[in-house]
Protein chains: 2
Amino acid sequence: MKKRFKSISLADQVFDKLEDDIILGVYPRGQILTELGLAEELGVSRTPIREALRRLEQERLIADNGKGSVVLGITEDDLLDIMNIRERIEGLAAYYAAKNITPEAVQELEHLIDLQDFYFSKHDVEQLRYVDDDFHDAISHLSGRMVICDTLIPLHRKTRRYRRLVMGDWDRAAQVTKEHRAIAQAIAEGNGDLAQELMTRHIVHSKEQLIKEEV
Amino acid sequence: MKKRFKSISLADQVFDKLEDDIILGVYPRGQILTELGLAEELGVSRTPIREALRRLEQERLIADNGKGSVVLGITEDDLLDIMNIRERIEGLAAYYAAKNITPEAVQELEHLIDLQDFYFSKHDVEQLRYVDDDFHDAISHLSGRMVICDTLIPLHRKTRRYRRLVMGDWDRAAQVTKEHRAIAQAIAEGNGDLAQELMTRHIVHSKEQLIKEEV
DNA sequence: GGTGTTTCTACTGTCGACAAACGTCTTCTT
DNA sequence: AAGAAGACGTTTGTCGACAGTAGAAACACC
């Protein structure tokens, strides 16, 4: 049997945990994180902590403050900017995904759509949120354009916290599943222009929903 | 006298050097870099090298290959994607810059425009390239939107190599200086919509120029 | 009491060392 | 001769240690 699960390094684990905690607000904006403190808290040496902090710094989730790292997190302005950027870029990803479509890709998208329908029918908000993430990440990957992936996927991760809120609105969740299905179909048919337009509209809707919730 | 120059850590220096070397092609695509090899070559220990490699990995300039890191660099596809993304985002930066304009910001932009005119009159292509970089970075910063900065500035860095080619075309360089001046003026006047449109058109022109050169 | 100076403490930057993982080459067996 | 098994070398992941530094606190002096 092929080796399928590559061992995750401690540094990766620390990064995943800290990223999640910061995005979800476990570490609030303004909190100071020190390498030694985290090392003790997580029971590892400073080396993997350092690596994780540097990556968080590069994603601007924390900032070096001379004395420790201060948590920045995601502000409401950030969130608006993220949606504005996604609104302008994510259609490109869908376009290229449609242009590069393969039978395997179609299958992958269909699987995600099926999952989405399943969790929707079960009213499982948490899982719907994950599938939503996966759907958008999958299309980014299917575009085959690395720069687009690198631009979009960090933005997807940063919206995780708020995605939960949006998906909690059941009418919107129903609309999302419908829009996703239409996008997947356009991509499967290789209709790049349609996929691009549907995706852009989808993000615009999500942005409007988000603005509405914040008020 | 105030301490003005913060000491740059070895890791930062290594990162800057490697990033430059990869973007400018000193390390060609496909070359394998090992931590130990670089440590010996640069005369530092593996720790700062590791940190630099991880950051390069996050920018997808290299990829971990199990045995060392393989240089990816910037492909022509990447470059096209970068310009497509900038074309869609950089107008936003200009828009916000115009909205947040301050007297200091106006002065900074005017200074960059003056510099640009100066180097243009001296036919100094190399310096023009730097000023071009600075101009676009400055507008990103003036937008005051961190997510936009984080999206655009890495893309600016990655186009450094090709910017030199473009600026070598003297007609285009003249046009660039004119377009920059118009953008700076729109921003200084606080005209966000105009700044956005001028900036977008400017990037579109640059993209078209780039495509023309590659053929 | 306020201000400049010194000390102190906590943190980061860097290093060398050790162990685990992975591929490679040799060697043994059939 | 071909294939399997094991030894070897290279590279990375992780650790603890040491030095340098920057801010804070304590102290002395006016």
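Order of the sequence lines sets the chain letters (A, B, ...), proteins ahead of strands, with each chain counted from 1.
Sparse packing is recorded around OH of Y95(B), with 12 or fewer heavy atoms of other residues, nucleotides or ligands lying under 6.0 Å away. Applying the 6.0 Å contact sphere to CD of E179(A) captures more than 12 heavy atoms from other residues, nucleotides or ligands. Around CD of Q185(B), the count of heavy atoms belonging to other residues, nucleotides or ligands within 6.0 Å does not exceed 12.
Rounded to an integer number of Å, the gap from CD1 of I49(A) to P of dC15(D) is 9 Å. Atoms CD (E57(B)) and C1' (dT12(D)) sit 12 Å apart, rounded to a whole Å. Atom-to-atom, CD of E40(B) to C1' of dT11(D) comes out at 13 Å; the value is rounded to the nearest Å. Separating the CD1 atom of I32(A) from the P atom of dG23(D) is a distance of 13 Å, rounded to the nearest angstrom.
Applying the ring pair (Phe, Tyr, Trp, His ring centres under 6.0 Å) criterion to F120(B), with sequence neighbours excluded, gives W170(B). K207(B) is linked by a side chain to side chain donor-acceptor pair (under 3.5 Å) to N84(B), E87(B), counting only residues two or more places apart in sequence or in another chain. Residues satisfying the side-chain contact (heavy atoms from CB on, under 4.5 Å) test with D16(A), not counting sequence neighbours, are none.
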Below 3.5 Å is the cut-off: list the nitrogen or oxygen pairs between protein and nucleotides 5-8 of chain C, distance only.
none

Expected rows: protein N/O vs nucleotides 12-14 of chain C N/O, under 3.5 Å:
{"residue": "dT12(C)", "atom": "OP1", "partner": "E35(A)", "partner atom": "N", "Å": "3.4"}
{"residue": "dT12(C)", "atom": "OP2", "partner": "E35(A)", "partner atom": "N", "Å": "3.1"}
{"residue": "dG13(C)", "atom": "OP1", "partner": "R54(A)", "partner atom": "NH2", "Å": "3.1"}
{"residue": "dG13(C)", "atom": "OP2", "partner": "R50(A)", "partner atom": "NH1", "Å": "2.9"}
{"residue": "dG13(C)", "atom": "OP2", "partner": "R50(A)", "partner atom": "NH2", "Å": "3.1"}
{"residue": "dG13(C)", "atom": "OP2", "partner": "R54(A)", "partner atom": "NH2", "Å": "2.8"}
{"residue": "dG13(C)", "atom": "N7", "partner": "R46(A)", "partner atom": "NH2", "Å": "2.9"}
{"residue": "dG13(C)", "atom": "O6", "partner": "R46(A)", "partner atom": "NH1", "Å": "3.0"}
{"residue": "dT14(C)", "atom": "OP1", "partner": "L10(B)", "partner atom": "N", "Å": "2.4"}

Mind listing the side-chain donor-acceptor pairs of residues 101-111 of chain A below 3.5 Å, one per line with the distance, residues two or more places apart or on another chain?
{"residue": "T102(A)", "atom": "OG1", "partner": "E104(A)", "partner atom": "OE1", "Å": "3.4"}
{"residue": "T102(A)", "atom": "OG1", "partner": "A105(A)", "partner atom": "N", "Å": "3.1"}

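Between D12(B) and S9(B), the side chains place a donor N or O and an acceptor N or O closer than 3.5 Å (distance only, hydrogens not considered).
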